[in-house]
J.: 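Starting off with a structure, shown below.
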Amino acid sequence: MRAEALKGHLDGLLLAALEPGPAHGFAVMAELRRRTGGTVDLESGTLYPALRRLEEAGLIAGTWTTVAGRRRREYQLTDRGRRALSDERGVWREFVATIGAALEPSGGFQAPPGSPA
């Protein structure tokens, strides 16, 4: 899936990928690939600026760790990030319900009586 298709949803996806616990960037990418059956496959040029933005916003916290002699940044949700993820899920459910109703052939939307169809 192209990054353009994720606009407006990337932050929520990243927060959800970090919900189970701390992870470094590559693990976040792998988690999104796993959850989406490979459909979402972010490039590092998309991922790392987004992680920095989320960190600057206080939604995630990053710390440097050393594993097998290599330094890497590990990220985890903050309390503020958990609240933002909960809010994002509510917005997403409303969006899906609204668009789903409009796209379904059953005509989920009904014009008020007497108004032009």
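Basis for what follows: all heavy atoms, side chains included, without hydrogens, waters or symmetry-related copies.
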J.: Same hydrophobic cluster for Leu54 and Phe26, using side-chain heavy-atom links shorter than 4.5 Å among ILVMFWY?
T.: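 As far as the 4.5 Å side-chain criterion goes, Phe26 and Leu54 are connected within one cluster.
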J.: Is any side-chain heavy atom of Arg73 less than 4.5 Å from a side-chain heavy atom of Glu55?
T.: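 Answer yes - side chains close enough.
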J.: Could you go through the salt bridge (Lys or Arg N to Asp or Glu O under 4.0 Å) check for Glu31 and Arg35 one step at a time?
T.: CA-CA 6 Å; Glu31 178 66 7; Arg35 287 183 180 204; 2.7 Å; yes
J.: Compare all side-chain heavy atoms of Trp92 with those of His9 and state whether any distance is below 4.5 angstrom.
T.: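 Yes, close enough: below the 4.5 Å cut-off.
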J.: Could you pull out the closest heavy-atom pair between Val40 and Arg33, with the gap in Å?
T.: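 Looking at all heavy atoms of both residues, the closest pair is O-CG, 3.2 Å.
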J.: Are Glu19 and Leu85 packed together at the side-chain level, in the sense that at least one heavy-atom pair is separated by less than 4.5 angstrom?
T.: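 Contact flag for Glu19/Leu85 side chains = yes.
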J.: Locate the shortest heavy-atom distance separating Ala50 from Leu10; write the atom from each residue and the value.
T.: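 Of all heavy-atom pairs spanning Ala50 and Leu10, the closest is CB-CD2, 3.8 Å.
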J.: Determine the minimum heavy-atom distance between Ser44 and Pro49, stating which atoms define it.
T.: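 Scanning both residues completely, I find the closest heavy atoms to be O-CD, 3.7 Å.
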J.: Please determine which of Leu47, Leu13, Leu42, Ile60 meets the side-chain contact (heavy atoms from CB on, under 4.5 Å) test together with Val28.
T.: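 Exactly one candidate clears the test, Leu47.
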J.: Please round to the nearest 0.5 Å and tell me the distance separating atom CG of Leu77 and atom CG of Leu14.
T.: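 With rounding to 0.5 Å, CG (Leu77) is 10.0 Å from CG (Leu14).
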J.: Shortest non-hydrogen contact from Tyr75 to Leu18?
T.: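 Minimum heavy-atom separation between Tyr75 and Leu18: O-CD2, 3.4 Å.
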J.: State the CG-NE2 distance between Leu51 and His24, to the nearest 0.5 angstrom.
T.: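 So the CG of Leu51 and the NE2 of His24 are separated by 12.0 Å.
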J.: Has the side chain of Thr78 got a donor or acceptor atom that lies under 3.5 Å from a matching backbone atom of Leu59?
T.: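 Answer holds: yes.
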J.: Looking at residues at least two apart in the chain, or sitting in another chain, which of them share a side chain to side chain donor-acceptor pair (under 3.5 Å) with Gln76?
T.: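 With sequence neighbours excluded, Gln76 shows a side chain to side chain donor-acceptor pair (under 3.5 Å) to no residue whatsoever.
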J.: Restricting to side chain to side chain contact (heavy atoms under 4.5 Å, CB included), what partner residues turn up for Thr63, sequence neighbours left out?
T.: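 Thr63 satisfies side chain to side chain contact (heavy atoms under 4.5 Å, CB included) with Thr65, Glu74 once adjacent residues are dropped.
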J.: Contact between Thr36 and Asp41 at the side-chain level, heavy atoms closer than 4.5 Å - yes or no?
T.: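 Counting from C-beta outward, Thr36 and Asp41 never come under 4.5 Å.
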J.: How far apart are the closest heavy atoms of Leu15 and Ala84, and which atoms are they?
T.: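 Shortest heavy-atom contact: CD1-CB, 4.1 Å.
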J.: What's the spacing between Glu88 CD and Arg93 CZ if we round to 0.5 Å?
T.: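 Nearest 0.5 Å value for the CD-CZ distance: 10.5 Å.
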